[in-house]
Colleague: 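Encoded as C-alpha cells, here's the structure I'll be asking about.
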Amino acid sequence: MLHYLLIVSKEGHIHFSHYFTSVETNAQPVREAGAIAKCLAADRESCHFMEDRKNTLIFRWFGPCLFIAAADQEENELMVYEFLNLYVNSLHRYFGKFSERHVLYNIDRLHMVLEEMVVDGEIVESSIRNILSPIQMLDNVAKS
C-alpha cells in the first residue's frame, strides 16, 4: 500500500504532495522533511529504496524533480519504482513535455492523474489511455 507521494525540487522544496492514508496534520511536515533529507542525501547512482520507520521510501529523479513514494515494507519496491515512471509518462502524455513548471501551475491535474492510478493506496490502473481518458473528457467539456 502506498501512503504518500511527494514531488520535490533539488533544493528540497515540496512542490506537490498527495496522501493516500490519513496522517495527523502536525505529523506531516516532520515525516516529509525526514523523507526528503534521506532521499536528497542519497547518491543519485545508488539504490533508490530505503527504510524509513515503518515505510519504505522509493524515489526517482525526473529532470530537476525528485519523486518520493512511501509504501508499506511488504510492497514490491520495483513495482512502485515503475509506478513512478508510469506516472511521469502519463504526465508527459497529458502535458506534452512534462516539466517542473507543470507541477507548479497544474496541481489539480497532477492530483487527478494520480487519483485515476491509485485508489486507497493501491495501484489500480496502468494503462495511460485509461488514466487520461476521464481527464481529457473533462477538458473537452470545459472547452465547449
Colleague: Count I, L, V, M, F, W, Y as connected when their side-chain heavy atoms are under 4.5 Å apart, and connections chain through other members. Are Ile128 and Phe62 then in the same cluster?
Modeller: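 Yes, one cluster joins them.
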Colleague: Which heavy atom of Ile58 sits nearest a heavy atom of Thr56, and at what distance?
Modeller: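 Ile58 and Thr56 have their closest heavy atoms at CD1-O, 3.5 Å.
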Colleague: For a quick test of reading the model, state the closest non-hydrogen atom pair linking Ser17 to His111 and the distance between them.
Modeller: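 In terms of heavy atoms, the two residues are closest at O-CE1, 3.3 Å.
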Colleague: Output every pair passing side-chain hydrogen bond (donor to acceptor under 3.5 Å, both in side chains) with a member in residues 78-91, not counting sequence neighbours, ordered by first then second residue.
Modeller: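 side-chain hydrogen bond (donor to acceptor under 3.5 Å, both in side chains) check on residues 78-91 returns His48-Tyr81.
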Colleague: At what distance, to the nearest 0.5 angstrom, does CG of Asn106 lie from CZ of Arg101?
Modeller: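 Answer rounded to 0.5 Å: 8.0 Å.
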Colleague: Is the backbone N or O of Val8 less than 3.5 Å from a side-chain atom of His15, with the two atoms forming a donor-acceptor pair by type?
Modeller: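 No; zero donor-acceptor contacts below 3.5 Å.
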Colleague: Glu32 and Tyr19: side-chain donor and acceptor closer than 3.5 Å?
Modeller: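 There is such a pair between these side chains.
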Colleague: When the ring centroid of Phe59 is compared with that of Phe67, is the distance short of 6.0 Å?
Modeller: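 No, the ring centres sit 6.0 Å or more apart.
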Colleague: If I compare all heavy atoms of Glu51 with all of Lys38, which pair ends up nearest, and what's the gap?
Modeller: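 It is O-NZ, 3.1 Å.
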Colleague: Determine whether Tyr94 and His102 satisfy the following criterion, ring pair (Phe, Tyr, Trp, His ring centres under 6.0 Å), listing intermediate values before the conclusion.
Modeller: CA-CA 11 Å; Tyr94 181 75; His102 291 112; 8.9 Å; no
Colleague: Does some side-chain heavy atom of Arg109 sit less than 4.5 Å from a side-chain heavy atom of Phe95?
Modeller: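 Heavy-atom side-chain distance check passes, below 4.5 Å.
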Colleague: Please check if Leu5 and Leu57 belong to a single hydrophobic cluster, counting links between Ile, Leu, Val, Met, Phe, Trp and Tyr side chain heavy atoms closer than 4.5 Å.
Modeller: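 In one cluster: no.
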Colleague: Report, as yes or no, whether the 6.0 Å neighbourhood of atom CG on Asp120 holds more than 12 heavy atoms from other residues, nucleotides or ligands.
Modeller: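 Incorrect, the count does not exceed 12.
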Colleague: Side-chain heavy atoms under 4.5 angstrom apart, residues restricted to Ile, Leu, Val, Met, Phe, Trp, Tyr: same cluster for Leu110 and Leu104?
Modeller: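 Each belongs to a different hydrophobic cluster.
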Colleague: Any chain of hydrophobic side-chain contacts (each under 4.5 Å) joining Leu114 to Leu86?
Modeller: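 Yes.
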Colleague: So, taking the atom named CD in Gln28 and the one named CD1 in Ile14, what distance separates them when rounded to the nearest 0.5 Å?
Modeller: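 It comes to 9.0 Å.
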Colleague: Go through the structure and list residues passing side-chain hydrogen bond (donor to acceptor under 3.5 Å, both in side chains) with Ser9, not counting sequence neighbours.
Modeller: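 Testing Ser9 for side-chain hydrogen bond (donor to acceptor under 3.5 Å, both in side chains), a comparison that skips the adjacent residues, returns Glu11.
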Colleague: What's the separation between atom CE in Met117 and atom CE in Met112, rounded to the nearest 0.5 Å?
Modeller: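 Rounded to the nearest 0.5 Å, the CE-CE separation comes out at 14.5 Å.
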Colleague: Between Ile131 and Ser126, which heavy-atom pair has the shortest distance, and what is it?
Modeller: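 Heavy atoms of Ile131 and Ser126 come nearest at CD1-C, 4.4 Å.
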Colleague: Could you give the distance from NE2 (His3) to CG (Asn55), rounded to the nearest 0.5 Å?
Modeller: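 Separation between the atoms: 4.5 Å.
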Colleague: Of all the heavy-atom pairs spanning Val119 and Val124, show the shortest one and how long it is.
Modeller: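 Looking at all heavy atoms of both residues, the closest pair is CG2-CG2, 3.7 Å.
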Colleague: Within the structure provided, determine whether Phe98 and Arg93 are in side-chain contact (heavy-atom separation under 4.5 Å).
Modeller: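 A side-chain contact is absent here, since even the closest heavy-atom pair is not under 4.5 Å.
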Colleague: Return the CE to CD distance between Met1 and Gln73, rounded to the nearest 0.5 Å.
Modeller: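 CD of Gln73 is found 15.0 Å from CE of Met1.
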Colleague: Is it true that a side-chain atom of Asn76 and a backbone atom of Leu78 form a donor plus acceptor pair closer than 3.5 Å?
Modeller: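 Such a contact is found between Asn76 side chain and Leu78 backbone.
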Colleague: Drop me the distance from Glu116's CD to Ser127's OG, to the nearest 0.5 angstrom.
Modeller: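 Taking CD in Glu116 and OG in Ser127, the distance rounds to 11.0 Å.
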Colleague: If hydrophobic clusters are built by linking Ile, Leu, Val, Met, Phe, Trp and Tyr wherever their side-chain heavy atoms come under 4.5 Å apart, do Met79 and Val118 end up in the same one?
Modeller: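 In one cluster: yes.
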Colleague: So Leu66 and Ile7, do their side chains get closer than 4.5 Å, heavy atoms only?
Modeller: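 With C-beta onward as the side chain, the pair stays apart.
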Colleague: Please answer whether the main-chain N or O of Phe49 pairs with a side-chain N or O of Glu77 as donor and acceptor at a distance below 3.5 Å.
Modeller: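 No, Glu77 side chain to Phe49 backbone: no donor-acceptor pair under 3.5 Å.
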Colleague: I need the minimum non-hydrogen distance between Leu40 and Gly12, along with the two atoms involved.
Modeller: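 The pair with the smallest heavy-atom distance is CD1-CA, 3.6 Å.
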